Structures are given as C-alpha cells and as structure tokens.
Amino acid sequence: MPMRTLDKANLEPLNFLTTTNGIRFQQCGLVERPSPRPTRFQHECRSAMISHMFKRRILLLRQRRRTQVDQLTKASPFFLCQYLLPSDGADKLTLALRDLLETLHGPFAMAFWSPKCHALFVARDRLGRRSLLAARTASGVGVASVGSSVSWQELPVTGVFVFDLVARSVRQLPWRQPAPFAQPWWWSTDNACDEANLRLAFGRLLSEAVARRVEHVAGAGIRVGLLFSGGLDSTVLAALAAEALPHETIELINVAFDSRAPDRLTALCSFQDLLRQYGPERFRLVLSDIRQEDLLAEEISICRLLGPKATHLDFNIAAALWFAARGRGLLCSPDFVSQPWWAPTAASSLQLEPSKPVKPAGPSQNEKVSCVTCVLPAKPGCPHLSCKLCCRKLHKASGEPKEWCPVHKIKAPSAEQPEAEPEAEVCIELSAQRCAHPEAEEIRASCRVLLVGTGADELLGGYSRHRTARAKRGADGTRSEMLKDLQRLWTRNLGRDDRIIADHGREARHPFLDDHLLEFVGRLPIELVAYGIGGESDPAPDKWLLRELASQRGLDACAQFKKRAIQFGTRIAKKSNIQHAGSNRQVRGDMAYSALSEKQYSDRMCTTCLPSFY
C-alpha cells in the first residue's frame, strides 16, 4: 500500500502494478540504507515475483555490515524459486523458504508469488514487528501492509502461510522454534544468574541493540530520532543513541494535546538532564502541539491505519503516535531552563512512590477452602477463611477494625475513609510556543528512523497490572501476567504502530525487542525480574534494571518517573473521549471507536474475513 513520505526521494515506487494469473502486485518501499535501488525481481521465464521484499529491513544474525545485508538478495525467494523449485509442487519451496527466514535476525514481512505453483507465500518475523494483513475480498484474497477496514486480520507470526489458489486453501508451515518467550526456560525459577555482573551485562546488551539500529541509516544531517515522552524508556534510548552516534545530533519528538500534559513536563525535565550530560549540540527537541481541529481533520486517515483493532484505546494510542511521527512542531530552546517560569519541581507529582514490602498472602490463591462458618466456599486469599457474607458478619461483630480483609474490601463510611485524591495536575503551562525561541517557526523532523520503547514494559514488568500481580499473586502470578503481554504484542501493538509510523515515511525500530536482549532477560529467574536483588522483603521499583541504568548515566529525573501510558501522558484520551461522549468517564478503552461507523470510512471491497489462522 502507498504510504505518506518525507519527500519524493524517500519513497521507492517499484511500479509493481502488474496483473498476472489473476494476481495484482503493488509495492512501495522505504529506503533507509544507501544501497542501489532494487529492481523488479522477475526471471526470464516469469518464475517468480516478489511483491513485498522484506521491506529491506533485515539484520542478519552474524552479518551486520550494510554491504552484507544487501547481499541478502542473493538468497532471496527469487533465488530459491529459480534453483530449488520442484516440479511436483510447493512443499520443497515452502521448506526452503522457512529455512531462509529462520536464519534472519530482525523485523521482516514478505509476500512471494510463485506462478508455477499458483501459490502465494507470506510470513512475518516471530515477534510481528512489521505489519502484514490479510483479508478475503469480494473478488479474492488480499495481502497488504495496510488494510483500510476491520475486515483485515493481522497475519499470525507462527510460520509461513501458503495461499494455494489451485486447492483454494490456506495452510501453514510452523516455525521450528517459536518466539523465545514461548520456550519453557523463559523466566524459569531454575535459571541461574550472575548477580554481580547483571547490571553491566544488561547495559551492554541494550547499548549494542541501540547501536545496531542506528548505524548505516541513509541520508545526511539528522538521521535518527525518538518518540520522546521524557519517560524512563525513551530517555535511556536517547542517551544510548547519542553514545552510539558520538558525532551526530539525535532528534527528539514530543507531542501533546494539552499545554499541561504530563508528557510535556517529563520531556522537558529529561531533556534538561540530557543536555547536562551530553551537551546542547547532541539533541534537538521538537515540540508538537495538536489542536482539536487538527485531530478532527486527520481522524479518518488515522482510522484507516488501525487494522482489525479499532477501539477507543487503539485510536488514542494511534493518534498520539501518528502526530508524533509526523514531526511538525517548534524547536525547544536549550535556554528554557533559565526562564523564570521553569520549575522542574512541578514534576514531583509524577514520580514514583516508595516501594512497599509484599504482604504475605493467606491461603494459596488456587487452593479451594470451605468457609469456617457455613458450607459456601471461602474466598481465596481471605485470612479468615470465610465467604463474603460471613466475612461481613465477622467484620461487623469485631467493631470494624481499620485493616480487615484484603480480598472482600468492605467499604467504610466516607467520613472515616474518604476517596483517594485525584492525581495532581501539571501546574505549569508548557506550550511549544512558550518553550521555543520567540521567533521560532514550525519545522518538520528530518529523521528517517525512529527508536520506540515498545517491549520495555512487557519485558521488565512496567505496567500497573504487573505491580498488582506482584503484590497479590507473587512471582508466579507476575510471570503469568507478563507473559500474556508479550504473547499479544503482535496483535495489540506492533502491527498497528508500524502502519502508523510508516505512514509518514519513517521506520520504527525496537531496541527492547532485540533477540539477544530478549534471551538475556528471559533467562533470568522471575523472582529477580519481579522483585530485584532484595527479593520479596525489599522489592525494587518496577523496571529496576532500566532505572539503575538511567541513574548510572546521570538521568536522575526519568529514573524516578512513574509509568504513564501515552494516551494519558499526552492527554489524547481525555480530548477524544470528551469529543465522542461528552465526558471523559463515559468511554471505556475497549469500546468500538465511533468514527468506524461513518460511510466514508467503510471499505466496500472487504465483505468477509479470512478463515481463522489460529
């Protein structure tokens, strides 16, 4: 599918508007490496054609230099089809294609048509970092990077899929090795760990992951940027990118839908730390203020990129990413720290609370116990081994002590136990105009590659539900909750984010999903990941490995910031919810986004979905 681009030179139209044997091919490729322009892969006997050649974003497992990456074309499916295609069908070709793809390290998505077999071969990497969708249209089957309605499905990441046009079937050849977090050793309690070198090894692997993703980016001037909220993940990535590119400027893009958005304050606090540690010439911060009319003007364009997940949550996240990837805004002046209005102490409400020891639970959460008073089952975790009714009676008879049962949660009168205070709002007006030079004009970010922090919370336990699981269900419950998030990354985040960011001609790269870093963290015991060195008696804050890495580099502000989801940190959720429901509290994140019902958004081509791939 065509994508919006920075300029004409950034889009590579390969003119694959070809129809052969009922198959229509079209390709537009982003080019980030200074390699010769690829040509149309077509043999003299028309034995094969590639419609989506990996997007040219593959990092080889053992060969990392650019010249070696470009040599991948010699081992392309075109090569395999020319020399390995058997006369009796596509089985051997499918096996050879799987063998090739399993040697690759990094993100890819590909679709390969074999006229001789009358079959289309499609696959994406095991994590699903690149978008690839499939749908059954009124006239056949479609495979594309971008699908403009909910009828499109994310192509599963479980293997190579073969769309056989002769048999009119879809079959799958699974990967021989699944994703690393699907392996039995992942976060096993039996894993050994060298705690003395743990921090050093983690920092080294993350630094190498960033360096691999910022080297050999095409173009002159500023080539690498970040979606910058000023939180822990993006600030650490910014510092590591500056270390990997010691003579270049790193572009930081911050978006806000409100001048008092928390992400604007955290971005300025962390930007101040980065300037102090690395110098004012190493970074430039682009501040993008989004008005309500801007959001309404681009609503349909963003909805067309959502894919099968089209809820309010998805739209809010996608909108924040879309405007950030667009990169239009004002340059923040490095002198903002000397302005009388600047007060970094205002960020104190956004910092972590002191960690509390994990309270020992009562009976096992999975153990079924009868109530000590009646025949009903007791609530798992109730220290009195009672059902809800009996626990309430005991509570009333005891004179209502302050601390009674952690699972039945009997509410006290409001006079004795008032509601929790709402989170403090940012008290400083931080519009882009205020932070920029008085005569600043709007610019557009020039970077082609954007580093994003996707995977950090899933891998290191940064979500609030992980902290809840740690406090109530222990290490095993935390492992179960974190595994759920890792296993649904490809359906909930990665494909959508790739479509959103690529819409502006930029490429998203994910250092926290580096294969070597994944394996390192996965081989740690879950107790160490969840609680830190101190264990349950002295638990560390969430993502403690990353927080310590930030502190080692003098990034003190971000090391103390709470985790804040992008839809809340940018204030897009509040603006969008009020726009569609009149109130911020009337919309749930899993509700279907209302713009999807508009006639101009519906895709008339897609009428039914493909049969399930699962």
Side-chain angles (χ1 to χ4, degrees), residues 226-235 252-272 285-299 301-302 311-333 336 339 341-351 421-436 440 442-443 445 453 500 557-558 561-589 593-595:
L226 289 99
L227 301 182
F228 189 70
S229 68
L232 177 63
D233 310 337
S234 60
T235 307
L252 311 176
I253 307 174
N254 175 262
V255 65
F257 294 79
D258 189 301
S259 61
R260 299 179 187 273
D263 275 8
R264 178 59 53 81
L265 178 57
T266 55
L268 293 173
C269 290
S270 297
F271 185 51
Q272 182 179 0
L285 176 60
V286 180
L287 301 178
S288 180
D289 288 347
I290 309 303
R291 301 169 300 174
Q292 191 75 11
E293 50 267 33
D294 298 331
L295 181 61
L296 290 175
E298 302 293 348
E299 183 180 30
S301 298
I302 297 171
T311 64
H312 274 267
L313 174 64
D314 288 285
F315 177 82
N316 292 337
I317 295 174
L321 290 175
W322 192 90
F323 283 104
R326 187 178 67 169
R328 292 180 186 172
L330 302 179
L331 279 182
C332 178
S333 170
F336 78 94
Q339 299 298 321
W341 51 262
W342 173 238
T345 55
S348 59
S349 63
L350 309 178
Q351 294 180 348
E421 295 183 1
E423 183 178 323
E425 294 286 337
V426 175
C427 59
I428 309 177
E429 195 274 329
L430 297 172
S431 66
Q433 189 66 51
R434 189 176 195 181
C435 301
E442 185 179 76
I443 66 165
I500 292 291
C558 74
F561 286 147
K562 300 175 184 177
K563 161 66 182 176
R564 189 178 304 277
I566 186 173
Q567 65 269 29
F568 304 123
T570 62
R571 288 290 187 259
I572 172 61
K574 182 177 181 180
K575 297 290 184 181
S576 176
N577 293 347
I578 293 177
Q579 171 190 334
H580 285 80
S583 170
N584 188 32
R585 297 182 177 273
Q586 297 298 318
V587 177
R588 297 194 319 271
Y593 192 70
S594 58

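Being a predicted model, the structure only gives us computed values, none of them experimental.
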Please report the interatomic distance [atom1]([X]) to [atom2]([Y]), rounded to the nearest 0.5 Å.
X	Y	atom1	atom2	answer
Arg264	Cys269	CZ	SG	12.5 Å
Ile290	Ile572	CD1	CD1	9.0 Å
Trp322	Ser301	CH2	OG	6.0 Å
Lys575	Gln567	NZ	CD	16.0 Å
Asn316	Asn577	CG	CG	5.5 Å
Asp263	Phe228	CG	CZ	10.0 Å

Inset, instruction - Can you label the angle between the Phe257 ring and the Phe323 ring as parallel, tilted or perpendicular, going by 30° and 60°? - result: perpendicular

Inset, instruction - List for me each residue that meets salt bridge (Lys or Arg N to Asp or Glu O under 4.0 Å) alongside Arg328, sequence neighbours excluded, and say none if there are none. - result: none

Legend entry - Check: Asp258 main-chain N/O paired with Arg571 side-chain donor or acceptor under 3.5 Å: no

Inset, instruction - Would you check if the side chain of Asp289 reaches a backbone N or O of Ser431 as a donor-acceptor pair within less than 3.5 Å? - result: no

Nearest heavy-atom neighbours spanning [X] and [Y]:
X	Y	result
Trp342	Phe336	CB-O, 3.5 Å
Cys558	Gly230	CB-O, 3.8 Å
Leu226	Ser234	CD2-O, 3.4 Å
Glu429	Ser259	OE2-CB, 3.3 Å
Asn254	Ser229	ND2-CA, 4.0 Å
Ala436	Ala440	CB-CB, 3.8 Å

Inset, instruction - Decide yes or no on side chain to side chain contact (heavy atoms under 4.5 Å, CB included) for Leu331 and Val286, but give the supporting numbers first. - result: CA-CA 5 Å; Leu331 279 182; Val286 180; 3.9 Å; yes

Inset, instruction - Decide yes or no on side chain to side chain contact (heavy atoms under 4.5 Å, CB included) for Ile302 and Phe315, but give the supporting numbers first. - result: CA-CA 7 Å; Ile302 297 171; Phe315 177 82; 3.9 Å; yes

Legend entry - Residue pair Leu268 / Leu285, side-chain heavy-atom distance below 4.5 Å: yes

Inset, instruction - Mind checking side chain to side chain contact (heavy atoms under 4.5 Å, CB included) for Ile566 and listing every partner two or more places apart, or none if nothing turns up? - result: Ile317, Ala320, Leu321, Thr570

